[in-house]
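Let me begin by presenting the structure, written as structure tokens, before commenting on it.
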2 protein chains.
Amino acid sequence: MIDVARRANVALSTVSYAINGTRAISAPTRRRIQKAMEELGYEPNAIARGLVSKRTRIIALLFPTPERGMGVTEMEFVTGAAEAALERDHHLVLWPTELRNLRQLDRLTGQGLVDGAVVMEVRLDDERVDLLRQAGLPFSMIGRTSEPGSINYADIDFEQGARDAVAHLTALGHRSIGFLNHSPSAFTVGYGPTVRAADGFRRAAMDAGVEHFERLCGDNVAAGRAAFHELRAMALNLTALVVMNDHAIVGVMDALDEIGWRVPDDFSLVSIGSSTRVSEMMRPRLTTLEPQSSELGRLGVHMLIDELEFRGAEPPAPTQVLLPCRLVEGRSSGPVRQH
Amino acid sequence: MIDVARRANVALSTVSYAINGTRAISAPTRRRIQKAMEELGYEPNAIARGLVSKRTRIIALLFPTPERGMGVTEMEFVTGAAEAALERDHHLVLWPTELRNLRQLDRLTGQGLVDGAVVMEVRLDDERVDLLRQAGLPFSMIGRTSEPGSINYADIDFEQGARDAVAHLTALGHRSIGFLNHSPSAFTVGYGPTVRAADGFRRAAMDAGVEHFERLCGDNVAAGRAAFHELRAMALNLTALVVMNDHAIVGVMDALDEIGWRVPDDFSLVSIGSSTRVSEMMRPRLTTLEPQSSELGRLGVHMLIDELEFRGAEPPAPTQVLLPCRLVEGRSSGPVRQH
DNA sequence: ATGTGCGTTCGAAGCGTTTCGACGAAACGC
DNA sequence: GCGTTTCGTCGAAACGCTTCGAACGCACAT
């Protein structure tokens, strides 16, 4: 920076003002500085900048490391967030913190490396959120707690998604619809999508006046297969299933094969939350309510940076967004079978 | 840090030495400092540390943003890398740089934020690698260029994977085997796995003395379906296919349905590079040569940090690792059909 | 000529660490 | 009992920037 200043015949501080736009700089001076920077290939040192300005322009992405690893949806959160961060001239660091290990998270925030955080896979009651709030670190959420207050969040509207799924099926004439949810453990830890999708399904089915059945189901093929057989035994008129469980749905299709039912002729399936990349791999291609995952990741980052940049001024109104799922019709849903 | 020093009755610098182990500190003094740090909940400021020590303990993960987005395999690289970084007390930032946009990468490295980089999805001839080398930034690769020289890398051994796939099929009695590769564009840009798997397949088939056919194939269902029909028309005895293309393989199965062939009774399929999470979603569950993606991400980070920590001492021998794929038998491969 | 105000620019003081050279005290050999 | 080494500690100087208060020149009004 000294070299740039010397070359442009100005003081060190003038270069700084020119870079940050903190004070007015006359056009000729600015030009000289620009030129000097380019000629020297100068790039301001992010660390030194961060040290004095208290703005590191680094934000953290908090994601839990679940047993089963992450799917396509989560990957899209991450890439979306990373792209958005870069566009807004920020860096995104990954903090894969186990949920129980709050101590680690505490240490990480204490290091003063990041200006804020985006929290992924938020639970209805999430300790990480409490910790961040206490630490005074600005953050936004992908997902939301049961009491989000004035915290910025962007979430998938799984409740509406479930309603849309039911609407899609009732429009096709189905009058007895089941719902296969995530695992019981997801439900008990208060994983929002699990809870809210179930609500949406129930209401939509009641509003439509159709027979409906719900079931939690382990996140694996065998559980899906078993769940289907059970559901069918208790719901004799069942003609369609809404499934929010990418693994279980495979088991369901296996079970359908076993009893010789064809999809969608004899039975319809609608998946909630599968990305097209996954639903395209199924045969038949699944009808799915696809979440806008990448967009969600982007939003989370933008909300956070908006907040960071407004610091000092009066806080802007919290941004709280529910993104609808997009209905992508595959070949797994069709008109109800006529007996 | 001043508070800690005051509380422990030592000089500022003594606290620093105690934290970093840079100089010997007597046991009682160290204890006093430890205690003071805990009582005050003190955590050293990562930014200030980085500024003076020239070691930010931040490393970058470079991944291209391809059109089709990333799959499960890539996600596992990322999470593996993030976990490994955290374990070794480093931060991982995501740099999703478009391949053509080298300018951006140049700027990013110029900021002096990161100590080194892990490059994902390396091509046989990769401009990013040249740029990093010129910038003097230490880095390791997941994948490898055609001339890796003394650069650390960890790569999936797709060549061996292809051989294993052929071995698996010949052991089942197959004597006419096809290979469905990635898209022509992947081949022309010199994407390593595409090129090397083809080599491995060809050699293994020749060594085993079996009839073999190869084909590039667009990364989508329709292309896979078309490719199968074409392949079958020119290879009348074909009884099995090795596929390194998660999307195309779905099309192949559709095509098999169309001609009434069942998997694996009438025709065998082996996938290369599909993670179990994907192959479990296929029906029948695919036999796959699963890459150890998470391990690869971890390795990339460890290699880089090893190198960073050795700076100054003579450079350690380059670590260059090929990780074998793991054969996971599904239900898509079986004994050759007897006519 | 002298004062007033504005738009620009300057010098210097930090930001929270690491690290260098130096120093006091205890331990050693003779 | 005197140099000499070793161990543990200290004060102060960076690291590369931002930002504060002050000062400069210039046009304008007085």
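Note on naming: letters A, B, ... go to the chains in the order of the sequence lines (proteins, then strands), and numbering restarts at 1 for each one.
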Problem - Summary of protein contacts for nucleotides 14-24 of chain D, nucleotide by nucleotide, where a base hit scores B, a sugar-phosphate-only hit scores S (4.0 Å, heavy atoms) - result: -BBBBBBBB--
Could you list the donor-acceptor pairs under 3.5 angstrom formed by side chains in residues 99-111 of chain A, with sequence neighbours left out?
residue, atom, partner, partner atom, Å
A:Arg100, NE, A:Glu98, OE1, 2.8
A:Arg100, NH2, A:Glu98, OE1, 2.5
A:Asn101, OD1, A:Gln104, N, 3.2
A:Thr109, OG1, A:Leu105, O, 3.3
A:Thr109, OG1, A:Asp106, O, 2.8
A:Gln111, NE2, B:His91, NE2, 2.8

Problem - Euclidean distance, atom CG of residue A:Asn9 to atom C1' of C:dT8 [Å, nearest integer] - result: 15 Å
Problem - A:Val122 side chain near A:Tyr153 side chain, heavy-atom distance below 4.5 Å - result: no
Find every protein N or O atom lying less than 3.5 Å from an N or O atom of nucleotides 4-7 of chain C, and list the pairs.
none

Practice task
Taking all heavy atoms of B:Ser275 and all of B:Val72, pick out the closest pair and write down the distance.
Solution key: OG-CG1, 3.4 Å
Exercise for the section: Could you pull out all residues at least two apart from B:Glu87 that satisfy side chain to side chain donor-acceptor pair (under 3.5 Å)? Expected result: B:Arg298
Handout entry: Closest contact, heavy atoms only, B:Phe77 versus B:Glu121
Key = CE1-OE2, 4.2 Å
Handout entry: Check ion pair B:Arg144-B:Asp126 (N to O, under 4.0 angstrom)
Key = no
Practice task
Could you check if a side-chain atom of B:Asp115 sits within less than 4.5 angstrom of a side-chain atom of B:Leu304, using non-hydrogen atoms only?
Solution key: no
Problem - Five-pair end axes of the helix from C:dA1-D:dT30 to C:dC30-D:dG1 and the angle they enclose, rounded to 10° - result: 50°
Handout entry: Note, B:Glu309 side chain near B:Ile305 side chain (heavy atom, < 4.5 Å)
Key = yes
Exercise for the section: Determine whether A:Ile142 and A:Val119 make a side-chain contact, defined as any pair of heavy atoms from C-beta on separated by less than 4.5 Å. Expected result: no
Problem - Validation row: B:Phe139, B:Ile151 side chains within 4.5 angstrom (heavy atoms) - result: yes
Problem - Student check: side-chain heavy atoms of A:Trp95 and A:Val114 closer than 4.5 Å - result: yes
Exercise for the section: Would you sort out whether B:Ser16 and B:Ser13 count as a side-chain hydrogen bond (donor to acceptor under 3.5 Å, both in side chains), showing the intermediate values? Expected result: CA-CA 5 Å; B:Ser16 173; B:Ser13 48; over 6 Å; no
Handout entry: Sorted by number, the residues of residues 25-40 of chain A with heavy-atom contact under 4.0 Å to DNA chain C
Key = A:Ile25, A:Ser26, A:Thr29
